[in-house]
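What follows is a short report on a single structure.
What you see is a predicted model, and the numbers here were worked out from it, not measured in a lab. Naming: A, B, ... by sequence-line order, numbering from 1 per chain.
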Amino acid sequence: MTALADPFAASSLLRRLQGMDRAALEAHQLKRVQALCARLYAKSDYYRERMEAGGLAGGAVDSLDRYIKAMPTSDKKAFLADQQSRPPFGSRLGVDRDEVVHISMTSGTSGQGQEIYGRTQRDVHMLGYLHALPWFMAGLRKGDTAINCVPAGGMTTGGWGPGEAIRILGATPFHVGGNLSTDAKIDLMLKLGGVHFLYASTNYLHTLTEALLARGIVPREAFPDMHGLFIAAEGYPVEWAKKIEEHWGCRLQEGYGSTQLNGFGASTGDAGVYRGSDRGIMRLFEWEHMVEILDPQTLAPVEPGEVGEMVVTNLSVEGSPVVRFRTGDAARFVPWREAGGAPWNAIECGTIGRFDDMMKIRGNNVWPAMVDAAVFAHGEIGEYAGRIYTEEGKTEIEVRIAVAEHQAGLCAEDRAALLKSVRAAIKQRTNVWMDVREVPRAEFSEFAYKARRWKDERQQGYQL
Amino acid sequence: MSSEEEDRLLAEMRALADRLVETEDALMAGQYAHLHARIAALIVLREGAKT
(Lines give C-alpha, C1' and ligand atoms only; values in the text may rest on other atoms or scores of the structure.)
Protein backbone atom coordinates (compact mmCIF):
# COMPACT_ATOMS: atom_id res chain seq x y z
CA MET A 1 0.00 0.00 0.00
CA THR A 2 1.33 3.43 -0.95
CA ALA A 3 2.44 5.48 2.05
CA LEU A 4 0.94 8.95 2.22
CA ALA A 5 3.15 12.01 2.02
CA ASP A 6 3.36 13.57 5.49
CA PRO A 7 0.90 16.49 5.40
CA PHE A 8 2.72 18.28 8.19
CA ALA A 9 5.99 18.20 6.25
CA ALA A 10 4.18 19.75 3.29
CA SER A 11 2.57 22.64 5.19
CA SER A 12 4.19 25.11 7.53
CA LEU A 13 0.71 26.22 8.64
CA LEU A 14 -0.12 22.70 9.80
CA ARG A 15 3.26 22.40 11.54
CA ARG A 16 2.63 25.61 13.45
CA LEU A 17 -0.85 24.42 14.50
CA GLN A 18 0.54 21.03 15.51
CA GLY A 19 3.31 22.62 17.55
CA MET A 20 1.03 24.79 19.72
CA ASP A 21 0.65 23.78 23.32
CA ARG A 22 -2.79 23.37 24.89
CA ALA A 23 -2.57 26.72 26.69
CA ALA A 24 -1.84 28.54 23.42
CA LEU A 25 -4.72 26.75 21.70
CA GLU A 26 -7.14 27.71 24.47
CA ALA A 27 -5.89 31.30 24.41
CA HIS A 28 -6.68 31.36 20.68
CA GLN A 29 -10.14 29.89 21.34
CA LEU A 30 -10.83 32.50 24.02
CA LYS A 31 -9.82 35.34 21.71
CA ARG A 32 -12.16 34.03 19.01
CA VAL A 33 -15.02 33.44 21.49
CA GLN A 34 -14.63 36.98 22.84
CA ALA A 35 -14.83 38.45 19.33
CA LEU A 36 -17.80 36.22 18.48
CA CYS A 37 -19.78 37.11 21.59
CA ALA A 38 -19.05 40.82 21.25
CA ARG A 39 -20.24 40.78 17.63
CA LEU A 40 -23.33 38.71 18.34
CA TYR A 41 -24.27 40.83 21.33
CA ALA A 42 -24.33 43.81 19.01
CA LYS A 43 -25.90 42.12 15.98
CA SER A 44 -28.10 39.23 17.11
CA ASP A 45 -31.24 39.50 19.23
CA TYR A 46 -31.27 35.72 19.65
CA TYR A 47 -27.77 35.49 21.13
CA ARG A 48 -28.00 38.80 23.04
CA GLU A 49 -31.00 37.45 24.94
CA ARG A 50 -29.10 34.27 25.73
CA MET A 51 -26.02 36.12 26.90
CA GLU A 52 -28.10 38.35 29.15
CA ALA A 53 -29.97 35.35 30.53
CA GLY A 54 -26.65 33.67 31.32
CA GLY A 55 -25.10 36.75 32.90
CA LEU A 56 -22.64 37.70 30.15
CA ALA A 57 -23.36 41.42 30.37
CA GLY A 58 -22.51 43.26 27.17
CA GLY A 59 -21.31 40.00 25.63
CA ALA A 60 -18.07 40.19 27.62
CA VAL A 61 -16.30 36.85 28.23
CA ASP A 62 -13.20 36.75 30.44
CA SER A 63 -12.43 33.02 30.33
CA LEU A 64 -13.46 29.85 28.52
CA ASP A 65 -14.61 28.43 31.84
CA ARG A 66 -16.91 31.41 32.38
CA TYR A 67 -18.18 31.10 28.78
CA ILE A 68 -19.04 27.43 29.23
CA LYS A 69 -20.77 28.03 32.54
CA ALA A 70 -22.68 31.16 31.54
CA MET A 71 -23.56 30.78 27.87
CA PRO A 72 -26.78 28.77 27.50
CA THR A 73 -26.81 25.98 24.93
CA SER A 74 -29.00 26.11 21.82
CA ASP A 75 -30.59 23.31 19.89
CA LYS A 76 -32.43 22.63 16.68
CA LYS A 77 -35.80 23.35 18.26
CA ALA A 78 -34.68 26.80 19.43
CA PHE A 79 -33.22 27.62 16.00
CA LEU A 80 -36.42 26.58 14.23
CA ALA A 81 -38.54 28.71 16.58
CA ASP A 82 -36.23 31.68 15.93
CA GLN A 83 -36.54 31.16 12.16
CA GLN A 84 -40.31 30.96 12.42
CA SER A 85 -40.52 34.27 14.27
CA ARG A 86 -38.06 36.09 11.96
CA PRO A 87 -37.94 34.25 8.61
CA PRO A 88 -35.86 33.18 6.86
CA PHE A 89 -32.69 33.36 9.01
CA GLY A 90 -34.08 34.15 12.44
CA SER A 91 -32.34 36.74 14.59
CA ARG A 92 -29.18 34.64 15.00
CA LEU A 93 -27.72 35.69 11.64
CA GLY A 94 -25.14 38.01 13.21
CA VAL A 95 -24.28 39.90 10.01
CA ASP A 96 -26.20 42.37 7.88
CA ARG A 97 -28.72 40.66 5.61
CA ASP A 98 -26.97 41.94 2.48
CA GLU A 99 -23.77 40.14 3.52
CA VAL A 100 -25.46 36.78 2.89
CA VAL A 101 -24.29 35.31 -0.41
CA HIS A 102 -24.88 31.62 0.21
CA ILE A 103 -27.23 29.50 2.24
CA SER A 104 -26.92 26.09 3.80
CA MET A 105 -29.90 24.11 4.97
CA THR A 106 -30.04 20.95 7.00
CA SER A 107 -31.59 17.94 5.32
CA GLY A 108 -34.78 17.77 7.38
CA THR A 109 -34.51 14.05 8.01
CA SER A 110 -35.30 14.58 11.69
CA GLY A 111 -38.86 15.52 10.74
CA GLN A 112 -38.73 18.66 12.91
CA GLY A 113 -37.89 21.07 10.08
CA GLN A 114 -34.86 22.44 8.29
CA GLU A 115 -32.44 24.90 9.85
CA ILE A 116 -31.25 27.62 7.50
CA TYR A 117 -27.84 29.22 7.72
CA GLY A 118 -26.89 32.42 5.90
CA ARG A 119 -23.22 32.49 4.87
CA THR A 120 -20.96 35.38 3.85
CA GLN A 121 -18.26 35.52 1.17
CA ARG A 122 -15.65 34.65 3.79
CA ASP A 123 -17.79 31.78 5.06
CA VAL A 124 -17.89 30.29 1.57
CA HIS A 125 -14.11 30.21 1.45
CA MET A 126 -14.04 28.65 4.92
CA LEU A 127 -16.65 26.12 3.78
CA GLY A 128 -14.22 25.02 1.10
CA TYR A 129 -11.23 25.17 3.43
CA LEU A 130 -12.99 23.08 6.08
CA HIS A 131 -13.39 20.34 3.48
CA ALA A 132 -9.96 20.90 1.94
CA LEU A 133 -8.14 20.69 5.27
CA PRO A 134 -8.97 17.03 6.06
CA TRP A 135 -8.59 16.01 2.40
CA PHE A 136 -5.16 17.63 2.20
CA MET A 137 -4.19 15.68 5.30
CA ALA A 138 -5.60 12.57 3.59
CA GLY A 139 -3.30 13.12 0.61
CA LEU A 140 -5.32 15.15 -1.93
CA ARG A 141 -2.93 17.39 -3.86
CA LYS A 142 -2.76 19.80 -6.79
CA GLY A 143 -3.09 17.95 -10.08
CA ASP A 144 -4.89 14.96 -8.59
CA THR A 145 -8.14 13.68 -10.06
CA ALA A 146 -10.79 13.51 -7.35
CA ILE A 147 -14.09 11.67 -7.51
CA ASN A 148 -16.82 13.20 -5.37
CA CYS A 149 -19.64 10.68 -4.93
CA VAL A 150 -21.74 13.00 -2.73
CA PRO A 151 -24.46 14.89 -4.66
CA ALA A 152 -23.05 18.32 -5.49
CA GLY A 153 -24.68 21.73 -5.28
CA GLY A 154 -28.17 22.23 -3.93
CA MET A 155 -28.69 23.86 -0.55
CA THR A 156 -26.56 21.74 1.74
CA THR A 157 -23.11 22.27 3.21
CA GLY A 158 -22.09 18.84 1.93
CA GLY A 159 -23.29 19.80 -1.54
CA TRP A 160 -21.06 22.88 -1.95
CA GLY A 161 -18.08 22.15 0.29
CA PRO A 162 -16.46 19.47 -1.88
CA GLY A 163 -16.46 21.58 -5.06
CA GLU A 164 -14.95 24.57 -3.27
CA ALA A 165 -12.42 22.34 -1.51
CA ILE A 166 -11.13 20.50 -4.54
CA ARG A 167 -10.87 23.78 -6.45
CA ILE A 168 -8.86 25.59 -3.77
CA LEU A 169 -6.51 22.64 -3.48
CA GLY A 170 -5.87 22.80 -7.21
CA ALA A 171 -7.14 19.28 -7.93
CA THR A 172 -9.55 18.24 -10.69
CA PRO A 173 -13.03 17.25 -9.53
CA PHE A 174 -15.54 14.87 -11.04
CA HIS A 175 -18.78 15.44 -9.14
CA VAL A 176 -20.44 12.18 -10.02
CA GLY A 177 -22.74 11.92 -7.00
CA GLY A 178 -26.45 12.06 -7.66
CA ASN A 179 -26.22 12.42 -11.42
CA LEU A 180 -24.77 9.10 -12.58
CA SER A 181 -25.77 5.56 -11.72
CA THR A 182 -23.17 3.46 -9.94
CA ASP A 183 -22.38 1.58 -13.15
CA ALA A 184 -22.04 4.85 -15.07
CA LYS A 185 -19.69 6.17 -12.37
CA ILE A 186 -17.54 3.08 -12.72
CA ASP A 187 -17.50 3.41 -16.52
CA LEU A 188 -16.40 7.03 -16.20
CA MET A 189 -13.72 6.28 -13.60
CA LEU A 190 -12.27 3.61 -15.87
CA LYS A 191 -11.96 6.14 -18.69
CA LEU A 192 -10.22 8.89 -16.74
CA GLY A 193 -6.69 7.55 -17.07
CA GLY A 194 -5.95 7.84 -13.39
CA VAL A 195 -8.00 8.51 -10.29
CA HIS A 196 -6.23 9.60 -7.11
CA PHE A 197 -8.84 10.39 -4.48
CA LEU A 198 -12.41 9.41 -3.75
CA TYR A 199 -14.92 10.95 -1.35
CA ALA A 200 -18.14 9.14 -0.46
CA SER A 201 -20.48 8.37 2.37
CA THR A 202 -19.55 5.17 4.15
CA ASN A 203 -22.58 3.48 2.69
CA TYR A 204 -21.84 4.60 -0.83
CA LEU A 205 -18.21 3.49 -0.71
CA HIS A 206 -19.57 0.10 0.30
CA THR A 207 -22.09 0.13 -2.57
CA LEU A 208 -19.46 1.23 -5.11
CA THR A 209 -16.95 -1.37 -3.98
CA GLU A 210 -19.58 -4.08 -4.09
CA ALA A 211 -20.61 -3.03 -7.62
CA LEU A 212 -16.99 -3.07 -8.82
CA LEU A 213 -16.41 -6.53 -7.40
CA ALA A 214 -19.69 -7.77 -8.91
CA ARG A 215 -18.35 -6.71 -12.32
CA GLY A 216 -15.15 -8.62 -11.67
CA ILE A 217 -13.16 -5.41 -11.28
CA VAL A 218 -10.53 -5.32 -8.54
CA PRO A 219 -10.35 -1.66 -7.50
CA ARG A 220 -6.61 -1.68 -6.66
CA GLU A 221 -5.86 -3.05 -10.13
CA ALA A 222 -8.29 -0.83 -12.02
CA PHE A 223 -7.22 2.32 -10.14
CA PRO A 224 -3.55 1.85 -9.27
CA ASP A 225 -3.03 5.61 -8.78
CA MET A 226 -5.67 5.87 -6.05
CA HIS A 227 -3.97 7.07 -2.89
CA GLY A 228 -6.84 8.20 -0.69
CA LEU A 229 -10.39 7.19 0.19
CA PHE A 230 -12.33 9.49 2.48
CA ILE A 231 -15.65 8.69 4.13
CA ALA A 232 -18.11 10.44 6.39
CA ALA A 233 -21.65 10.11 7.68
CA GLU A 234 -22.02 6.52 8.88
CA GLY A 235 -20.42 4.02 11.22
CA TYR A 236 -18.69 0.81 10.19
CA PRO A 237 -16.73 -2.05 11.71
CA VAL A 238 -12.93 -2.15 11.69
CA GLU A 239 -13.04 -5.40 9.73
CA TRP A 240 -14.92 -3.61 6.94
CA ALA A 241 -12.37 -0.79 6.84
CA LYS A 242 -9.53 -3.30 6.50
CA LYS A 243 -11.32 -5.06 3.66
CA ILE A 244 -11.93 -1.75 1.89
CA GLU A 245 -8.23 -0.87 2.09
CA GLU A 246 -7.34 -4.33 0.80
CA HIS A 247 -9.71 -4.00 -2.17
CA TRP A 248 -8.55 -0.50 -3.07
CA GLY A 249 -4.88 -0.78 -2.13
CA CYS A 250 -4.81 2.56 -0.30
CA ARG A 251 -5.59 4.13 3.03
CA LEU A 252 -9.10 4.92 4.21
CA GLN A 253 -9.64 8.15 6.16
CA GLU A 254 -12.72 9.50 7.91
CA GLY A 255 -14.07 12.93 8.77
CA TYR A 256 -16.80 14.25 11.03
CA GLY A 257 -18.65 17.19 9.60
CA SER A 258 -22.00 18.95 9.62
CA THR A 259 -23.87 22.02 8.46
CA GLN A 260 -23.34 23.54 11.90
CA LEU A 261 -19.57 23.13 11.52
CA ASN A 262 -19.62 24.71 8.02
CA GLY A 263 -17.69 21.64 6.83
CA PHE A 264 -15.56 19.16 8.72
CA GLY A 265 -14.65 19.52 12.36
CA ALA A 266 -12.44 16.48 12.76
CA SER A 267 -10.58 13.90 10.74
CA THR A 268 -8.17 11.03 10.96
CA GLY A 269 -5.54 13.16 9.25
CA ASP A 270 -3.24 10.69 7.53
CA ALA A 271 -3.44 8.10 10.31
CA GLY A 272 -6.20 5.86 8.95
CA VAL A 273 -9.35 4.67 10.69
CA TYR A 274 -7.86 1.84 12.75
CA ARG A 275 -4.79 1.04 14.79
CA GLY A 276 -4.22 -2.70 14.76
CA SER A 277 -7.52 -4.22 15.76
CA ASP A 278 -8.67 -1.05 17.54
CA ARG A 279 -10.57 1.86 16.12
CA GLY A 280 -8.61 4.95 15.17
CA ILE A 281 -9.37 8.51 16.22
CA MET A 282 -10.39 11.73 14.53
CA ARG A 283 -8.56 14.80 15.81
CA LEU A 284 -10.82 17.80 16.30
CA PHE A 285 -9.97 21.00 14.43
CA GLU A 286 -10.13 22.89 17.70
CA TRP A 287 -8.59 26.05 16.33
CA GLU A 288 -11.66 26.44 14.07
CA HIS A 289 -14.38 25.12 16.41
CA MET A 290 -14.81 24.62 20.13
CA VAL A 291 -16.23 21.15 20.66
CA GLU A 292 -17.45 20.15 24.10
CA ILE A 293 -18.38 16.51 24.65
CA LEU A 294 -21.04 16.44 27.33
CA ASP A 295 -23.40 14.12 29.13
CA PRO A 296 -26.73 14.88 27.40
CA GLN A 297 -28.63 14.69 30.70
CA THR A 298 -26.38 16.73 33.02
CA LEU A 299 -24.38 18.73 30.42
CA ALA A 300 -21.24 17.91 32.42
CA PRO A 301 -18.11 16.92 30.43
CA VAL A 302 -17.85 13.17 29.93
CA GLU A 303 -14.82 11.27 31.13
CA PRO A 304 -12.19 9.97 28.70
CA GLY A 305 -13.50 6.93 26.87
CA GLU A 306 -17.15 7.80 27.50
CA VAL A 307 -19.75 8.68 24.87
CA GLY A 308 -21.16 12.19 25.02
CA GLU A 309 -23.06 14.72 22.94
CA MET A 310 -20.97 17.10 20.85
CA VAL A 311 -21.75 20.75 21.64
CA VAL A 312 -20.22 23.10 19.10
CA THR A 313 -19.15 26.74 18.91
CA ASN A 314 -17.89 28.11 15.57
CA LEU A 315 -14.71 30.15 15.84
CA SER A 316 -14.45 31.25 12.21
CA VAL A 317 -18.02 31.55 10.90
CA GLU A 318 -19.53 34.99 10.25
CA GLY A 319 -23.10 34.25 9.09
CA SER A 320 -25.43 32.22 11.34
CA PRO A 321 -22.69 31.01 13.68
CA VAL A 322 -23.54 28.32 16.20
CA VAL A 323 -22.73 29.04 19.81
CA ARG A 324 -22.79 26.09 22.20
CA PHE A 325 -25.11 24.23 19.82
CA ARG A 326 -26.27 20.79 20.91
CA THR A 327 -25.71 18.69 17.81
CA GLY A 328 -27.38 15.52 19.07
CA ASP A 329 -24.34 13.67 17.68
CA ALA A 330 -22.87 11.05 19.98
CA ALA A 331 -19.10 10.49 20.06
CA ARG A 332 -16.59 8.70 22.26
CA PHE A 333 -14.20 11.23 23.80
CA VAL A 334 -10.43 10.81 23.55
CA PRO A 335 -8.52 13.57 25.40
CA TRP A 336 -5.59 15.24 23.64
CA ARG A 337 -3.03 13.75 26.04
CA GLU A 338 -4.05 10.26 24.90
CA ALA A 339 -4.30 11.16 21.21
CA GLY A 340 -0.59 11.14 20.36
CA GLY A 341 1.03 14.53 19.74
CA ALA A 342 -0.57 17.93 19.06
CA PRO A 343 -2.93 19.60 21.54
CA TRP A 344 -6.18 18.52 19.88
CA ASN A 345 -8.84 16.39 21.55
CA ALA A 346 -10.24 13.53 19.51
CA ILE A 347 -13.26 11.32 18.96
CA GLU A 348 -13.38 7.66 18.06
CA CYS A 349 -13.67 6.64 14.42
CA GLY A 350 -16.55 4.70 12.98
CA THR A 351 -18.94 5.06 15.89
CA ILE A 352 -20.46 8.53 15.57
CA GLY A 353 -24.15 8.14 16.28
CA ARG A 354 -27.18 10.22 17.07
CA PHE A 355 -28.65 10.44 20.52
CA ASP A 356 -32.06 10.67 18.90
CA ASP A 357 -31.30 7.46 16.96
CA MET A 358 -30.90 5.47 20.14
CA MET A 359 -33.41 2.66 20.38
CA LYS A 360 -34.47 1.34 23.73
CA ILE A 361 -34.95 -2.38 23.07
CA ARG A 362 -35.89 -4.71 25.90
CA GLY A 363 -34.16 -2.39 28.36
CA ASN A 364 -30.97 -2.04 26.32
CA ASN A 365 -29.67 1.15 24.71
CA VAL A 366 -29.05 0.16 21.09
CA TRP A 367 -27.62 2.45 18.43
CA PRO A 368 -27.92 1.50 14.74
CA ALA A 369 -24.13 1.82 14.50
CA MET A 370 -23.78 -1.16 16.85
CA VAL A 371 -25.81 -3.37 14.52
CA ASP A 372 -24.00 -1.90 11.48
CA ALA A 373 -20.73 -3.00 13.04
CA ALA A 374 -22.02 -6.51 13.76
CA VAL A 375 -23.54 -7.03 10.33
CA PHE A 376 -20.80 -5.51 8.16
CA ALA A 377 -18.07 -7.37 10.00
CA HIS A 378 -19.27 -10.13 7.65
CA GLY A 379 -17.80 -9.34 4.25
CA GLU A 380 -20.39 -11.50 2.52
CA ILE A 381 -23.19 -9.05 3.33
CA GLY A 382 -24.12 -6.29 0.93
CA GLU A 383 -26.83 -4.46 2.86
CA TYR A 384 -29.32 -4.86 5.67
CA ALA A 385 -32.36 -3.23 7.25
CA GLY A 386 -33.90 -3.52 10.68
CA ARG A 387 -37.46 -3.22 11.94
CA ILE A 388 -38.73 -3.14 15.50
CA TYR A 389 -42.37 -3.97 15.96
CA THR A 390 -44.84 -5.20 18.49
CA GLU A 391 -46.59 -8.55 18.21
CA GLU A 392 -48.96 -9.86 20.81
CA GLY A 393 -47.63 -7.28 23.24
CA LYS A 394 -44.01 -8.33 22.79
CA THR A 395 -41.21 -6.35 21.16
CA GLU A 396 -39.79 -8.14 18.16
CA ILE A 397 -36.78 -7.16 16.05
CA GLU A 398 -36.33 -8.28 12.50
CA VAL A 399 -33.03 -7.86 10.66
CA ARG A 400 -33.18 -8.52 6.91
CA ILE A 401 -29.79 -9.10 5.33
CA ALA A 402 -28.83 -9.38 1.67
CA VAL A 403 -25.75 -11.16 0.42
CA ALA A 404 -23.47 -8.98 -1.70
CA GLU A 405 -23.72 -9.46 -5.45
CA HIS A 406 -20.13 -10.65 -5.72
CA GLN A 407 -20.92 -13.34 -3.13
CA ALA A 408 -23.93 -14.67 -5.03
CA GLY A 409 -22.27 -18.07 -5.35
CA LEU A 410 -22.60 -18.88 -1.62
CA CYS A 411 -24.19 -22.28 -1.07
CA ALA A 412 -27.24 -22.83 1.15
CA GLU A 413 -25.12 -24.23 3.96
CA ASP A 414 -22.84 -21.18 3.98
CA ARG A 415 -25.85 -18.88 3.93
CA ALA A 416 -27.35 -20.59 6.96
CA ALA A 417 -24.03 -20.32 8.79
CA LEU A 418 -23.84 -16.64 7.86
CA LEU A 419 -27.27 -15.91 9.35
CA LYS A 420 -26.28 -17.69 12.55
CA SER A 421 -23.01 -15.79 12.78
CA VAL A 422 -24.69 -12.40 12.19
CA ARG A 423 -27.28 -13.15 14.87
CA ALA A 424 -24.57 -14.00 17.39
CA ALA A 425 -22.54 -10.90 16.48
CA ILE A 426 -25.58 -8.65 16.97
CA LYS A 427 -26.29 -10.23 20.35
CA GLN A 428 -22.67 -9.78 21.36
CA ARG A 429 -22.65 -6.06 20.50
CA THR A 430 -26.17 -5.09 21.63
CA ASN A 431 -27.14 -7.69 24.23
CA VAL A 432 -30.33 -8.23 22.23
CA TRP A 433 -31.30 -11.32 20.28
CA MET A 434 -32.75 -10.33 16.91
CA ASP A 435 -34.34 -12.45 14.20
CA VAL A 436 -32.09 -12.48 11.16
CA ARG A 437 -33.33 -13.54 7.75
CA GLU A 438 -32.04 -13.29 4.20
CA VAL A 439 -33.73 -11.29 1.45
CA PRO A 440 -32.71 -10.56 -2.17
CA ARG A 441 -30.11 -7.79 -2.65
CA ALA A 442 -32.56 -5.91 -4.91
CA GLU A 443 -34.73 -5.07 -1.88
CA PHE A 444 -32.16 -2.46 -0.87
CA SER A 445 -31.58 -0.72 -4.16
CA GLU A 446 -32.88 2.56 -2.67
CA PHE A 447 -29.98 2.76 -0.19
CA ALA A 448 -27.54 5.05 -1.90
CA TYR A 449 -25.96 7.91 0.02
CA LYS A 450 -27.10 8.16 3.60
CA ALA A 451 -28.48 4.84 4.66
CA ARG A 452 -31.66 4.83 6.71
CA ARG A 453 -31.65 1.28 7.88
CA TRP A 454 -34.02 1.20 10.85
CA LYS A 455 -37.77 1.50 11.28
CA ASP A 456 -39.39 1.57 14.69
CA GLU A 457 -43.00 0.45 14.28
CA ARG A 458 -43.67 -0.41 17.90
CA GLN A 459 -46.32 2.25 18.40
CA GLN A 460 -48.37 0.85 15.52
CA GLY A 461 -48.57 -2.42 17.44
CA TYR A 462 -50.23 -0.67 20.33
CA GLN A 463 -53.38 0.33 18.42
CA LEU A 464 -56.63 -0.86 20.02
CA MET B 1 -12.27 55.98 -5.71
CA SER B 2 -11.45 56.59 -9.35
CA SER B 3 -11.39 53.88 -11.97
CA GLU B 4 -7.64 54.43 -12.41
CA GLU B 5 -7.12 53.98 -8.69
CA GLU B 6 -9.03 50.65 -8.79
CA ASP B 7 -6.84 49.49 -11.69
CA ARG B 8 -3.71 50.44 -9.78
CA LEU B 9 -4.81 48.63 -6.61
CA LEU B 10 -5.65 45.49 -8.55
CA ALA B 11 -2.24 45.58 -10.24
CA GLU B 12 -0.59 45.89 -6.82
CA MET B 13 -2.68 43.04 -5.45
CA ARG B 14 -1.71 40.86 -8.39
CA ALA B 15 1.95 41.61 -7.81
CA LEU B 16 1.55 40.60 -4.16
CA ALA B 17 -0.37 37.46 -5.15
CA ASP B 18 2.43 36.62 -7.60
CA ARG B 19 4.69 36.34 -4.58
CA LEU B 20 2.19 34.38 -2.47
CA VAL B 21 1.79 31.66 -5.10
CA GLU B 22 5.47 30.87 -4.70
CA THR B 23 4.78 29.49 -1.22
CA GLU B 24 6.23 26.12 -0.27
CA ASP B 25 3.18 25.40 1.90
CA ALA B 26 1.19 22.89 -0.17
CA LEU B 27 -2.01 23.48 1.85
CA MET B 28 -1.89 27.20 1.10
CA ALA B 29 -0.57 26.98 -2.48
CA GLY B 30 -3.93 26.19 -4.09
CA GLN B 31 -5.68 28.84 -2.03
CA TYR B 32 -3.16 31.46 -3.09
CA ALA B 33 -3.55 30.34 -6.69
CA HIS B 34 -7.30 30.78 -6.25
CA LEU B 35 -6.79 34.29 -4.86
CA HIS B 36 -4.37 35.13 -7.68
CA ALA B 37 -6.86 33.91 -10.27
CA ARG B 38 -9.66 36.01 -8.74
CA ILE B 39 -7.54 39.14 -8.95
CA ALA B 40 -6.38 38.28 -12.48
CA ALA B 41 -10.00 37.77 -13.55
CA LEU B 42 -10.99 41.18 -12.18
CA ILE B 43 -8.14 42.78 -14.11
CA VAL B 44 -9.10 40.98 -17.31
CA LEU B 45 -12.80 41.81 -17.09
CA ARG B 46 -11.96 45.50 -16.66
CA GLU B 47 -9.65 45.58 -19.67
CA GLY B 48 -12.52 45.59 -22.14
CA ALA B 49 -13.41 49.15 -21.12
CA LYS B 50 -9.90 50.40 -21.86
CA THR B 51 -9.82 49.68 -25.58
[X], [atom1]: over 12 other non-hydrogen atoms inside 6.0 angstrom:
{"X": "A/Gln121", "atom1": "CD", "value": "no"}
{"X": "A/Met20", "atom1": "CE", "value": "yes"}
{"X": "B/Arg14", "atom1": "CZ", "value": "no"}

Results of salt bridge (charged side-chain N to carboxylate O under 4.0 Å, His left out) for B/Glu24 - residues two or more places apart only
none
With sequence neighbours excluded, tell me which residues meet salt bridge (charged side-chain N to carboxylate O under 4.0 Å, His left out) with A/Glu99.
none
Using a heavy-atom cutoff of under 4.5 Å, enumerate the residues of residues 128-139 of chain A that contact chain B, numbered in order, or state 'none'.
A/Tyr129, A/Leu133, A/Phe136
Closest heavy-atom contact between A/Ser11 and B/Leu27?
OG-CB, 3.6 Å
For chain A, which residues of residues 30-40 of chain B have at least one non-hydrogen atom nearer than 4.5 Å to it?
B/Gly30, B/Gln31, B/His34, B/Arg38
